Amino acid sequence: MTRKGKNTARLALLNAAFILLCLVTLVPVLYALSISFSGQGAALSGELSFLPKDPTLENYRAILFDKPFLLWLKNSLLLSAGTIALSMLCAVPAAYAASRWRFAGRRGMLRSLLVLNAFPQVLSMFALFRVLRLTNTLNTHGGLMVIYAGSMCVFAVWNMKGYFDTIPREIEEASKIDGANDFQMILRVVLPLARPAIIVTCVMVLITVWNEYLFATTFLLDSRSYSLAGGLYQLQSNDYSRNWPVFTAASMLATLPLLLIFFRVQKHMVSGLTAGGVKE
């Protein structure tokens with residue numbers, strides 16, 4: 001076999017392995033999708049089937065009209081949008097400053113952020129609870145947004161700093177020669193060039209906030225302020241009234257916004273993540 005033939009065969013085997021891996025990871029998703037269109041006893045039947053025997057939309061009707069799913073969805077959208085705005089407002093200037101400026105303590109500051117982010121979130125639960133209680137922001141979306149934004153700023157700063165490092169300084173110098181001041185240079189030159197990194201960072205923040213469970217169920221005490229994570233937990237919190245088809249229907253609906261956003265911005269994901277991983 002020629003070298004070209006060997007490379008073709010190796011590539012075919014690699015692609016087949018990736019396809020098989022994707023199919024394996026889709027098994028629980030397809031099974032949950034099947035359960036969401038089935039009756040209440042389907043999840044307890046013991047049979048692994050990807051096609052519901054008696055398809056019904058009753059579970060989706062129940063979650064949309066009998067449960068406060070739309071309220072949970074609105075709360076999650078509010079938390080996500082507020083967290084993205086706060087974290088990016090802080091992280092973009094910090095990342096640009098860490099990339100372009102050389103000041104005393106710069107490396108130590110960046111490393112200390114990583115060290116602080118390495119601690120498990122549960123270790124800060126009691127301290128954050130006291131802070132929220134003393135500031136009268138417990139059980140408020142605003143208080144939770146600040147916590148989320150603070151925890152996500154570390155990733156946002158490091159990811160966008162790596163991307164800012166890839167933007168040639170000559171482009172900024174040329175814009176200044178053309179008469180742009182620092183604000184115009186950042187707004188009209190740097191930020192458009194960094195759009196892939198900004199988009200992918202926003203998507204990662206969105207995914208984290210959307211799926212976050214621990215803080216959402218601890219600091220939001222009112223059922224009307226629950227996010228999707230807390231609301232889905234409430235659907236299964238009663239051991240005597242669990243309805244798995246309704247729960248899986250809610251889970252399927254909860255993933256739709258993320259899927260739509262991901263498919264919309266997927267062309268920016270690869271460039272934003274790979275360029276953001278450049279070593280200092």
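These numbers were taken from a predicted model, which means no experiment stands behind them. One-based numbering along the sequence shown. Values below: every heavy atom of this structure, side chains too, minus hydrogens, waters and symmetry copies.
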* State, with a plain yes or no, whether a side-chain heavy atom of Phe262 is found less than 4.5 Å away from one of Leu258. => no

* Is any side-chain heavy atom of Tyr163 less than 4.5 Å from a side-chain heavy atom of Thr166? -> yes

* If you look at every heavy atom in Pro245 and Ser38, which pair is closest and at what distance? -> CB-O, 3.7 Å

* Asked: About how many Å separate CZ of Phe215 and CG of Leu220, when rounded to the nearest 0.5 Å?
  -> 11.5 Å

* Is Leu89 reachable from Val154 through a run of hydrophobic residues whose side-chain heavy atoms are each under 4.5 Å from the next? -> no

* Asked: Do Arg100 side-chain atoms and Phe164 backbone N/O form a donor-acceptor pair below 3.5 Å?
  -> yes

* Asked: Are side-chain heavy atoms of Lys67 and Gln234 found at a separation under 4.5 Å?
  -> no

Side-chain donor/acceptor pairs under 3.5 Å, residues 140-149, sequence neighbours excluded:
unit_1 : atom_1 : unit_2 : atom_2 : d
Thr140 : OG1    : Thr137 : O      : 2.4
Thr140 : OG1    : Gly143 : N      : 3.3
His141 : NE2    : Ser225 : O      : 3.0
Tyr148 : OH     : Glu212 : OE1    : 2.4

* Structure fact -> Closest non-hydrogen atoms of Tyr96 and Met185, given as atom of the first, atom of the second and distance, are OH-CE, 3.6 Å

* Structure fact -> With sequence neighbours left out, the residues meeting side-chain hydrogen bond (donor to acceptor under 3.5 Å, both in side chains) with Asp66 are Arg61

* State plainly whether one hydrophobic cluster holds both Met204 and Leu260, where clusters connect Ile, Leu, Val, Met, Phe, Trp and Tyr through side-chain heavy atoms under 4.5 angstrom apart. => no

* Tell me, with the steps shown, if Tyr31 and Leu26 meet side-chain contact (heavy atoms from CB on, under 4.5 Å). => CA-CA 8 Å; Tyr31 181 65; Leu26 282 176; over 6 Å; no

* Asked: Does CZ belonging to Arg224 count more than 12 external heavy atoms closer than 6.0 Å?
  -> no

* Asked: Rounded to the nearest 0.5 Å, how far does OG of Ser36 lie from CD1 of Ile63?
  -> 11.5 Å

* Closest heavy-atom pair and its distance - Ala250, Leu232 -> CB-CD2, 3.3 Å

* Asked: If Ile, Leu, Val, Met, Phe, Trp and Tyr residues are connected whenever their side-chain heavy atoms lie under 4.5 Å apart, and connections chain through other members, are Leu33 and Val29 in the same group?
  -> no

* Asked: How many angstroms lie between atom OG of Ser175 and atom CG of Leu187, to the nearest 0.5 angstrom?
  -> 11.5 Å

* Asked: Hey, does Phe37 have a side-chain heavy atom less than 4.5 Å from the side chain of Asn59?
  -> no

* Donor on one side chain, acceptor on other, Thr201 and Asn159, under 3.5 Å -> yes

* Determine the minimum heavy-atom distance between Trp72 and Gly231, stating which atoms define it. => CH2-O, 3.3 Å

* What heavy-atom pair brings Thr83 and Val209 nearest, and what distance separates the two atoms? -> CG2-CG2, 3.7 Å

* Report the distance from atom OG1 of Thr208 to atom CE of Met152, rounding to the nearest 0.5 Å. => 3.5 Å

* **N/O donor-acceptor pair under 3.5 Å between Gln184 side chain and Asn181 backbone** => yes

* **Minimum heavy-atom distance Gly230-Thr217, with the two atoms named** => CA-CG2, 3.7 Å

* Asked: Are the side chains of Tyr213 and Leu228 in touch, meaning some heavy atoms are under 4.5 Å apart?
  -> no

* **Common cluster, Val27/Leu21, ILVMFWY with side-chain heavy-atom separation under 4.5 Å** => no

* To do: Report yes if the side chains of Arg10 and Asn15 come closer than 4.5 Å at any heavy-atom pair, otherwise no.
  => no

* **Asn139 vs Phe219, side-chain contact (heavy atoms from CB on, under 4.5 Å): CA-CA, chis, key distance, verdict** => CA-CA 5 Å; Asn139 196 34; Phe219 301 140; over 6 Å; no

* Donor-acceptor pair, side chain of Ser80 and main chain of Leu77, under 3.5 angstrom -> no

* To do: Could you grab the distance from atom CG of Leu138 to atom CZ of Arg133, nearest 0.5 Å is fine?
  => 8.0 Å

* Asked: Ignoring hydrogens and geometry, is there a side-chain-to-backbone donor-acceptor pair from Ser99 to Ala95 under 3.5 Å?
  -> no

* Asked: Can the ring centroids of Tyr233 and Tyr226 be said to lie less than 6.0 angstrom from one another?
  -> no

* Any chain of hydrophobic side-chain contacts (each under 4.5 Å) joining Ile171 to Leu191? -> yes

* Is there side-chain contact between Met252 and Tyr60, with heavy atoms separated by less than 4.5 Å? -> yes

* How long is the gap from CG on Leu256 to OG on Ser251, to the nearest 0.5 Å? -> 11.0 Å

* Is Pro257 close to Leu73 at the side-chain level, that is, under 4.5 Å between some pair of heavy atoms? -> yes

